[in-house]
Engineer: 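Attaching a single structure in structure tokens format; questions to follow.
Atom set for the values below is all heavy atoms of this structure, side chains included, hydrogens, waters and symmetry mates excluded. Here is the naming used below: chain letters follow the sequence lines, and residue numbers restart at 1 for every chain.
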2 protein chains.
Amino acid sequence: MATPPPAPHRAKGRPRSATADRAILAATREALAEVGWGGLSIGQVALRAGVAKTTLYRRWPSKNELVMDAVATQLEELEVTDLGSLRADIEDVVGQFAALLSRPETQAALLALFAEGTRDAQLRKRIRETIVDPQKRLVRQGRANAQARGELDPDRDEAAAAEEIDIIFDTIAGTVEHRMLVSGEPVTPEWISRFTTLLLNPLPGFRA
Amino acid sequence: MATPPPAPHRAKGRPRSATADRAILAATREALAEVGWGGLSIGQVALRAGVAKTTLYRRWPSKNELVMDAVATQLEELEVTDLGSLRADIEDVVGQFAALLSRPETQAALLALFAEGTRDAQLRKRIRETIVDPQKRLVRQGRANAQARGELDPDRDEAAAAEEIDIIFDTIAGTVEHRMLVSGEPVTPEWISRFTTLLLNPLPGFRA
DNA sequence: GCTCTTTCGCTACGAGTCGTAGCGTATCTG
DNA sequence: CAGATACGCTACGACTCGTAGCGAAAGAGC
């Protein structure tokens with residue numbers, strides 16, 4: 001949501017150009033996809049965005065923050081839907097995820113961010129709050145819808161339900177991420193269907 | 001497996017020091033965990049490994065290759081086990097995965113590598129062959145063991161079985177990766193148990 | 001043991017990027 | 001119109017990059 005860069009910005013003099021903001025963040029994503037985190041040069045981003053190098057330094061204190069914002073502005077289009085059945089809703093969520101992760105710029109930016117997160121606890125926390133938790137909402141909502149439709153037993157234990165939401169979200173998000181970001185294989189509707197089946201049903205042929 | 005650096009190395013003169021190799025790869029992992037991919041300086045790695053900077057450049061043509069080898073040498077300790085039940089075997093595999101991904105150096109190195117893989121198709125292919133496929137073997141073997149014990153129906157369709165192995169592996173690997181590498185949350189035995197239950201059984205309370 | 005071959009450590013080098021400071025101009029507020 | 005802030009531009013020292021050239025070290029092969 002176009003996180004207004006962290007400067008106080010008292011509304012007195014010339015306001016910061018929102019156009020420049022968008023150009024910078026888009027340029028950051030493009031550059032990241034082309035040259036990677038290591039090759040990401042502030043100077044190059046500025047040049048590509050048609051902006052002075054100093055403007056970038058004035059707004060973002062570090063590469064982390066810049067990339068964080070560049071990614072965050074791309075992740076706001078996920079929507080909760082109610083397609084009438086749990087299976088359809090899950091397939092829809094998986095499809096949205098896959099679409100989101102299909103852009104090369106998003107792939108590079110996200111993984112670079114995750115990599116930095118392993119060294120920076122504060123960044124990792126921001127990633128959770130800004131990226132992971134909002135997405136988890138989809139699962140929570142979808143589960144509530146399924147309950148309202150009578151597809152699931154009502155919860156007895158609230159804590160257990162929350163834990164189940166966590167684990168289901170980790171499974172959905174992680175599996176799609178692994179397939180698309182690590183292996184680089186496509187997520188087709190057929191694959192989504194098989195994956196959803198695995199999630200909803202016992203392992204095929206398994207006798208519990 | 002200590003990929004012998006890509007130089008031909010005719011067995012004539014002074015052989016390359018294997019000790020130096022190990023020191024360099026260890027130093028690479030440490031440095032990567034501390035300063036990240038962007039901050040990873042060949043000079044610093046050399047200094048930390050007690051080796052001349054030129055020695056590194058003689059052996060590895062690029063940072064990609066260096067990090068690739070640094071990671072690959074850490075990933076060879078996964079073992080197929082037969083604990084007598086499919087459930088126990090799955091929990092064991094998940095546990096091995098989690099242990100592998102628990103080291104901060106491995107976390108940083110893996111994610112950095114994945115990030116580079118999004119821009120370099122050749123590197124991504126190497127990642128699949130060197131890292132992903134060998135791990136997939138665990139699932140394939142575990143599934144075969146379960147069939148031998150009579151826990152699963154015998155396969156009618158070979159291709160379908162291979163696809164099922166793929167999807168199960170993506171689910172196991174991806175979920176653990178997401179939880180540990182992205183969210184940074186621990187994978188406890190209790191969590192493993194719940195996750196395995198989700199995999200083996202239908203969604204709790206779900207009426208298919 | 002001696003020679004030959006290759007690697008190793010060291011130093012020096014130009015090229016390029018880093019992040020910052022200073023300054024005049026542009027743009028908006030009141 | 002006056003005040004305030006952002007902008008673009010230039011210049012700067014500090015640093016890292018990857019490479020080249022050297023003498024010394026360390027095994028291999030006879």
Side-chain angles (χ1 to χ4, degrees), chain A residues 2-28 30-32 34-70 112 116 120, chain B residues 2-28 30-32 34-70 112 116 120:
Chain A
T3 308
H9 190 283
R10 280 167 275 168
K12 269 275 193 94
R14 173 179 178 175
R16 287 187 172 170
S17 160
T19 307
D21 257 12
R22 269 170 287 150
I24 290 172
L25 294 178
T28 301
E30 289 171 18
L32 200 51
E34 285 180 21
V35 298
W37 181 278
L40 184 64
S41 143
I42 300 287
Q44 286 299 317
V45 172
L47 188 65
R48 189 191 296 253
V51 159
K53 193 172 57 154
T54 38
T55 299
L56 270 131
Y57 283 109
R58 271 193 274 266
R59 304 191 181 191
W60 287 277
S62 79
K63 264 208 277 195
N64 282 359
E65 308 293 328
L66 175 60
V67 175
M68 181 78 210
D69 284 350
E116 290 303 303
D120 181 342
Chain B
T3 307
H9 190 283
R10 281 166 277 170
K12 269 278 194 91
R14 174 179 179 177
R16 287 189 171 169
S17 160
T19 308
D21 258 11
R22 270 171 286 152
I24 290 173
L25 294 178
T28 302
E30 290 170 18
L32 201 50
E34 285 181 20
V35 299
W37 180 278
L40 184 64
S41 143
I42 300 287
Q44 286 300 316
V45 171
L47 188 65
R48 188 191 297 253
V51 159
K53 190 172 60 152
T54 39
T55 299
L56 270 132
Y57 282 110
R58 281 195 204 98
R59 303 191 182 190
W60 286 277
S62 80
K63 263 208 275 195
N64 282 0
E65 308 293 328
L66 175 60
V67 175
M68 182 78 211
D69 284 349
E116 290 302 305
D120 181 342

Engineer: Taking the side chain of B:Arg58 as heavy atoms from C-beta outward, which of D:dC7, C:dG9, C:dT6 is closest to it?
Structural biologist: C:dG9
Engineer: Which nucleotide, D:dA6, D:dG18, C:dT7, lies nearest any side-chain atom of B:Arg59?
Structural biologist: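 So the side chain of B:Arg59 is nearest to C:dT7.
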Engineer: Please determine if a side-chain N or O atom of A:Tyr57 lies less than 4.0 Å away from the OP1 or OP2 oxygen of C:dT20.
Structural biologist: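 Indeed not, no polar side-chain atom of A:Tyr57 lies that close.
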Engineer: From D:dC7, C:dG19, C:dT6, pick the nucleotide closest to the side chain of B:Arg14?
Structural biologist: C:dT6
Engineer: Would you mind reading off the distance between B:Trp37 atom CH2 and D:dC17 atom P, rounded to a whole angstrom?
Structural biologist: 13 Å
Engineer: Is the shortest side-chain N/O distance from A:Ser41 to OP1 or OP2 of C:dC18 below 4.0 Å?
Structural biologist: yes
Engineer: Per the atom types in the model, does the base of D:dG18 pair as donor or acceptor with the side chain of B:Lys53 at under 3.5 Å?
Structural biologist: yes
Engineer: Compare the minimum distances between each of D:dA6, D:dC9, D:dG18 and the side chain of B:Ile42, then state the nucleotide with the smallest one.
Structural biologist: D:dG18
Engineer: What is the distance from CG of B:Leu47 to P of D:dC15, rounded to the nearest Å?
Structural biologist: 15 Å
Engineer: Could you work out which one of D:dC7, C:dC18, C:dG9 sits closest to the side chain of B:Val51?
Structural biologist: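 Closest of the options to the side chain of B:Val51: C:dG9.
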Engineer: Are any of A:Thr55's side-chain N or O atoms less than 4.0 Å away from OP1 or OP2 of D:dG8?
Structural biologist: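 True: A:Thr55 side-chain N/O within range (under 4.0 Å) of D:dG8 OP1/OP2.
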Engineer: Could you work out which one of D:dA6, C:dT11, C:dT20 sits closest to the side chain of A:Thr54?
Structural biologist: C:dT20
